[in-house]
Amino acid sequence: MKTSMQAGVAGLLACGTLLTVVLTTRDGGDSHTGVTYTSASKGPYVALGDSYTAGPGITDPTGTPAGCDRSAGNYPSLVATELGLKASDFHDASCSGATTTDLTTAQETDDGTNPPQLRAISSTTRLITIGIGGNDIGFSSMIKRCVAMGALYQLTGSGKYFAEDAPCERNYVKGDSDAVTKKIATAGARLTRVLHEVERRAPEARVYVVSYPAILPSDSADCGRDMSLAPGDVTFLREKEQQLNTMLRQRSSEAGAAYVDTYTPSAAHNACTAKTTRWIEPLVPDSPAAPVHPNARGERGMADAVLHGIRSAL
């Protein structure tokens, strides 16, 4: 994998690609650079990942199998559009529910089988984004469990049934044993193997590991109404997401891949912020999206973060 600016540019020039950098401005005055590949021999872009990549519920599903719930409004599609790629130069292999294992083996969905995601890349691939890891640690089931306990916490009050304000955390952390931390370490080892396999299959590709955007706020008291979580469990879940992102950053750096930080730009747009500004929908979405998943605004923000990463490498 190319890790330096010179290596990234050299790899693209080696395949005869002309890069045109265009400065554009979006609503709200935020400027970013769109990068357009304009060559007869441009290399393809392949997107790999789970539901945060696929974007379930944002628009009508696209691609096959239908059970992957990919949206034409997800961040890979937006990135491909900004790059000016033809349909034949873009392959979205992401699938809702995917784990790192599903990058190398077939994934069964409620409506069809998604082939191993790495099958989509080859020696001609020049750009790869990977958004994976949340399902490896069971983050969705963690949130569901914590929500159920949080609802009871809010109905009864901590003084009656709970001795602390983080009733869910104790299911995962017992003394010095932290089950989630162990799962994150295991997911990290799997990701490292995947990144090495990606390098073997697509040695000239620029690879970007995309982090998870901020789901919960830094102020735990701001989230009870929208997410039905006890204050301490808001802190617990937020810290575990940050720990997961830290692992993604470290493993991508060690493997020579780039890391895309979507957490920082989304911090003020978490699921507990106003519905007109949030990137992540709460338990009961106000905008088209799956519960506790990015909406169209969130996928746009993630796309901009990826494009910023591509621009920085150039």
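These numbers come from a predicted model, not from an experiment.
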May I ask you to decide if [Y]'s main-chain N or O and [X]'s side chain share a donor-acceptor pair within less than 3.5 Å?
X	Y	value
R70	T64	yes
S51	A54	no
Q107	S96	yes
T59	A72	yes
S266	A214	yes
T277	H269	no

Which pairs, with at least one residue in residues 89-136 and sequence neighbours excluded, count as a ring pair (Phe, Tyr, Trp, His ring centres under 6.0 Å)?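 Qualifying pairs: Y45-F90.
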State, to 0.1 Å, how close [X] and [Y] come at their nearest heavy-atom pair, and which atoms those are.
X	Y	value
A313	Y208	CB-OH, 3.5 Å
A93	A120	CB-CB, 4.1 Å
P282	M227	CA-SD, 3.8 Å
A205	I128	CB-CD1, 3.8 Å
A202	I121	CB-CD1, 4.4 Å
T109	G67	OG1-CA, 3.3 Å

Ion pair present between E241 and R238, side-chain N to carboxylate O less than 4.0 angstrom?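 Result for this pair is no, no salt bridge flagged.
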* Asked: Charged N to carboxylate O under 4.0 angstrom, D304 versus R300?
  ->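 The answer is yes: the pair qualifies as a salt bridge.
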If we only count heavy atoms from C-beta on, is the [X] to [Y] side-chain gap below 4.5 Å?
X	Y	result
D50	T99	no
R278	D286	yes
M302	P76	no
L244	V180	no
P217	V234	yes
P44	T124	yes
L83	D89	no
T262	S211	yes

Indicate whether the side chain of [X] and that of [Y] have a donor and an acceptor atom separated by less than 3.5 Å.
X	Y	answer
S77	N74	yes
D102	N114	no
R251	T192	yes
T53	Y75	yes

Rounded distance (nearest 0.5 Å) linking atom [atom1] of [X] with atom [atom2] of [Y]:
X	Y	atom1	atom2	value
I58	E281	CD1	CD	9.0 Å
R297	I280	CZ	CD1	11.0 Å
R201	T125	CZ	OG1	10.5 Å
C168	D233	SG	CG	5.0 Å
E239	Q242	CD	CD	7.0 Å
L195	I132	CG	CD1	11.0 Å

Open item on the list: I'd like to know whether D178 forms a side-chain contact (heavy atoms from CB on, under 4.5 Å) with K240, so could you lay out the CA-CA distance, the side-chain angles of the two residues, the decisive distance to 0.1 Å, and finally the verdict.
Closed with: CA-CA 11 Å; D178 187 330; K240 289 308 165 187; 2.5 Å; yes
Within 45° of the ring axis of Y172 and under 6.0 Å from its six-membered ring centre, is that where the NZ or CZ of R145 lies?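 Flagged: R145 positioned over aromatic ring of Y172.
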Q.
Counting only heavy atoms from other residues, nucleotides and ligands, does the tally under 6.0 Å from CG of D110 exceed 12?
A.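 No, the 6.0 Å shell around CG holds no more than 12 heavy atoms from other groups.
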Checklist line | Any pair counted as side-chain hydrogen bond (donor to acceptor under 3.5 Å, both in side chains), so long as it reaches residues 131-144, sequence neighbours left out | finding: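 Every pair satisfying side-chain hydrogen bond (donor to acceptor under 3.5 Å, both in side chains) with a residue in residues 131-144: T100-D136, D136-R190.
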key: I143 with Y263, same ILVMFWY side-chain cluster at under 4.5 Å   =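 Unlinked, I143 and Y263 end up in two clusters.
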Following the transitive rule for hydrophobic clusters with a side-chain heavy-atom cut-off under 4.5 Å over Ile, Leu, Val, Met, Phe, Trp and Tyr, establish whether L78 and L85 coincide in one cluster.
->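 No, no single cluster joins them.
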Practice problem: Go through the steps to decide whether V260 and T129 satisfy the test side-chain contact (heavy atoms from CB on, under 4.5 Å), and finish with yes or no. | Solution: CA-CA 9 Å; V260 176; T129 56; over 6 Å; no
Item to complete: On the 0 to 90° scale, with breaks at 30° and 60°, tag the H293-Y52 ring pair as parallel, tilted or perpendicular.
Response: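 If you compare the ring of H293 with that of Y52, the planes turn out tilted.
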Problem set entry | Verdict with reasoning, I310 to L127, per side-chain contact (heavy atoms from CB on, under 4.5 Å) | CA-CA 9 Å; I310 294 173; L127 174 63; 3.9 Å; yes
Please assess L283 against V147 for the test side-chain contact (heavy atoms from CB on, under 4.5 Å), listing each intermediate value before the final yes or no.
CA-CA 9 Å; L283 290 170; V147 163; 3.7 Å; yes
